[in-house]
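Data block below; observations after.
Letters A, B, ... mirror the listed sequences (proteins, then strands); counts begin at 1.
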Amino acid sequence: MNSMLVTLVLLLLLGFAYQTGWSRSSRLAQVEGRLHSKPIYHGALVAIWAIVPALLILGLWALFGTATANTRFRTLTSAVVLASAFGTGAIGLYLARNRISARFRARNEVERIIRYLLIGCSVVAILTTLGIVLSLLGEALRFFTFVSPVDFFFGTVWNPRFSSVGTGSGDFGLLPLLWGTVMIATIAILVALPIGLMTAVYLTQYAKPKTRNIIKPMIEVLAGIPTIVYGFFALVTVGPALAGLGAMFGLDIRATSALTAGIVMGVMIIPFISSLSDDVIRQVPRALRDGSLGLGATESETIRRVILPAALPGIVGAVLLAVSRAIGETMIVVLAAGNSPYLRLNPGEPVSTVTVTIVNQLTGDTDFSSPQSLVAFALGLTLFAMTLVLNIAALFIVRRYREQYE
Amino acid sequence: MMNALREDLTQMNMVVRQLAVDTDLYTLPSTTIRTPDLEPQPVKIKARNVNVFYGEKQAIHDVSIDIPEKAVTAFIGPSGCGKSTFLRCFNRMNDTIEGSRVDGLIELDGRSIIDRSLDVVELRARVGMVFQKPNPFPKSIYENIAYGPRIHGLVRSKADLDEIVERSLRKAGLFDEVKDRLHDTATGLSGGQQQRLCIARAIAVSPEVILMDEPCSALDPIATARVEELIDELRENYTIIIVTHSMQQAARVSQRTAMFHLGNLVEEGPTEKIFTSPEVKRTQDYITGRFG
């Protein structure tokens, strides 16, 4: 109720300030002839001067004020803060209003403020990334006071025990988890690369525009399916089907296994590979294609020997992006990989991955001073570093490729 | 204004039609064509009443022409007059454009090439093409030349292939410039070298006809002179058709010239005659630079 009232007053202040600037400059225009800036800019500038200081004070109060406020004086302090906020607003309004003159460059000033606003918005994203890295780093360092980095990065046994048992030594070996992640991502790429690439070749080289306009959006729907739904699909349909199929050939494939998760994840990243490859294949100049066809090469010879080699760097970039996506994927693996953190070669056996383990370590009762919880941050940092390197490599390759044909 | 223009166009079309009848274009002697500085040459390609459509739009209207063997024929005319489109009929490159349609009669050595059942792979091995912009594949110089012979299965051994590559580069006058870097990437060559590489690439398949679509438009004058020289040498062994914007180029390299305008063949004949005493005023206007 209170905050609604404050918002209402702020809006009133905004409207009033705009109106003041606008009407004053309009009146001035009637007396002095043409102004440098149109009245709307004068109005906007006065409104900004009135509202920004008030918002700043209220914002600071919301961030830091409540912690310091004594409960007994809460009403009093908040009244003082509100009064000072609106007071500053009024002073800002008054000052800005008095600056209005025929020569005053309100338009330029408004444009400059808008630029700061836009810069501020883009900084938010960068600061967030930085904040995530720092918080991961801090907690990960705390974890490494319990377990040595060598034991973590090169340990082959993952058995953290429960934190309730005490801080007694569990085994925090990363390798079994990393192995699971790599195995599932590899299976996913083995599924997605041929299918995605051939889809892209069909769409760019063979499909008529009409067919293409139908097929392309349908493939992209795949990218819009929530990963938890893929997880259900893997658990309920693909897993049992694979187990049945394996049994037919005398193979022992578990319903929840690296294979199940990998195949379903492969399906999930098909649209990534197909639409990114589609783009890079499209960028291969038509002249190359004509040159090959003009020499009497068939359509498929042209694709295999000219177009795909020319598009290769871009395709590699697309694959790397897809891999980093597969490495970070969580929901499918939580449901379908079996959560069994052992080093096993057989893809038909259950495995566990880095992402799944993070989920496990942070759900339920967590005590953020035990290595059992803190390890999640070390795992997160490892994952972040892996995907970061892959993304940078992919962007680098794709950019090099673009330059080649521009 | 628009009406006047339209009337002009209609009149012009009538003139062109009349001209076609007058000069007996449809009953041209189809066995031999007289070229000024050569013995009469047999006809390599015969085209009769060819129409080309892109969707609803007609790009070529009822064109008939004979192309002599082992001579250079130039197609000239203002931009968008259909000369490139017509050129691309001879190796069926128009097939690669969505919605294009060709009708009429085109024969290569007396065999129809318009027929849908014809194998374009075989046709394009006999009728090579060089494009407006040099378009070497992003592979090595050697691989660029070897591409055609490989896909057509012309070679059995590495030695055969080496020999074809060297011979083709020599014919294109490029061998001495690149012999030490055959395995470097072809995109590192200069524009003129790239275009000669593309000619060598076409020659490597041993075609009978080479189509050139404004082969010098992306080259500087020196590289252009080099390519023109090459065209003149190639005439001995190949039938060449060259589309060009440059009147001087047509005059320099060709023995016969065909003038196109708005999808019609305005006039064709020995190059000397076209450039000195054209029969149609429009040709003269174009050649002297009064339009186009």
Considering only heavy atoms, which portion of [X] lies under 4.5 Å from any heavy atom of chain A: side chain, backbone, both, or neither?
{"X": "Val127(B)", "value": "backbone"}
{"X": "Arg88(B)", "value": "side chain"}
{"X": "Pro207(B)", "value": "neither"}

Looking at [X] and [Y], what are the two nearest heavy atoms and their distance?
{"X": "Phe131(B)", "Y": "Gly291(A)", "answer": "CE1-CA, 3.6 Å"}
{"X": "Met93(B)", "Y": "Asp290(A)", "answer": "CE-O, 3.5 Å"}
{"X": "Arg305(A)", "Y": "Tyr147(B)", "answer": "CB-CE1, 3.6 Å"}
{"X": "Leu293(A)", "Y": "Arg124(B)", "answer": "O-CD, 3.0 Å"}

Subject >> Top contributor to chain B contacts, counting heavy-atom pairs under 4.5 Å, from Thr298(A), Val306(A), Leu295(A) >> reply: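 It is Leu295(A).
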
**OP:** Mind checking the CZ-CD1 spacing from Arg304(A) to Ile151(B)? Nearest 0.5 Å is all I need.
**Re:**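 The CZ atom of Arg304(A) sits 10.5 Å away from the CD1 atom of Ile151(B).
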
Subject >> Thr96(B) side, atom OG1; Glu299(A) side, atom CD - distance, nearest 0.5 Å >> reply: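 Here the rounded value is 9.0 Å.
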
Subject >> Between Lys139(B), Arg150(B), Lys133(B), the one whose heavy-atom pairs under 4.5 Å with chain A are most numerous >> reply: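 So the answer, after comparing Lys139(B), Arg150(B), Lys133(B), is Lys139(B).
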
Original post:
Does Glu98(B) offer a backbone N or O that forms a donor-acceptor pair with the side chain of Lys208(A) under 3.5 Å?
Top reply: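 No: the side chain of Lys208(A) does not pair with the backbone of Glu98(B).
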
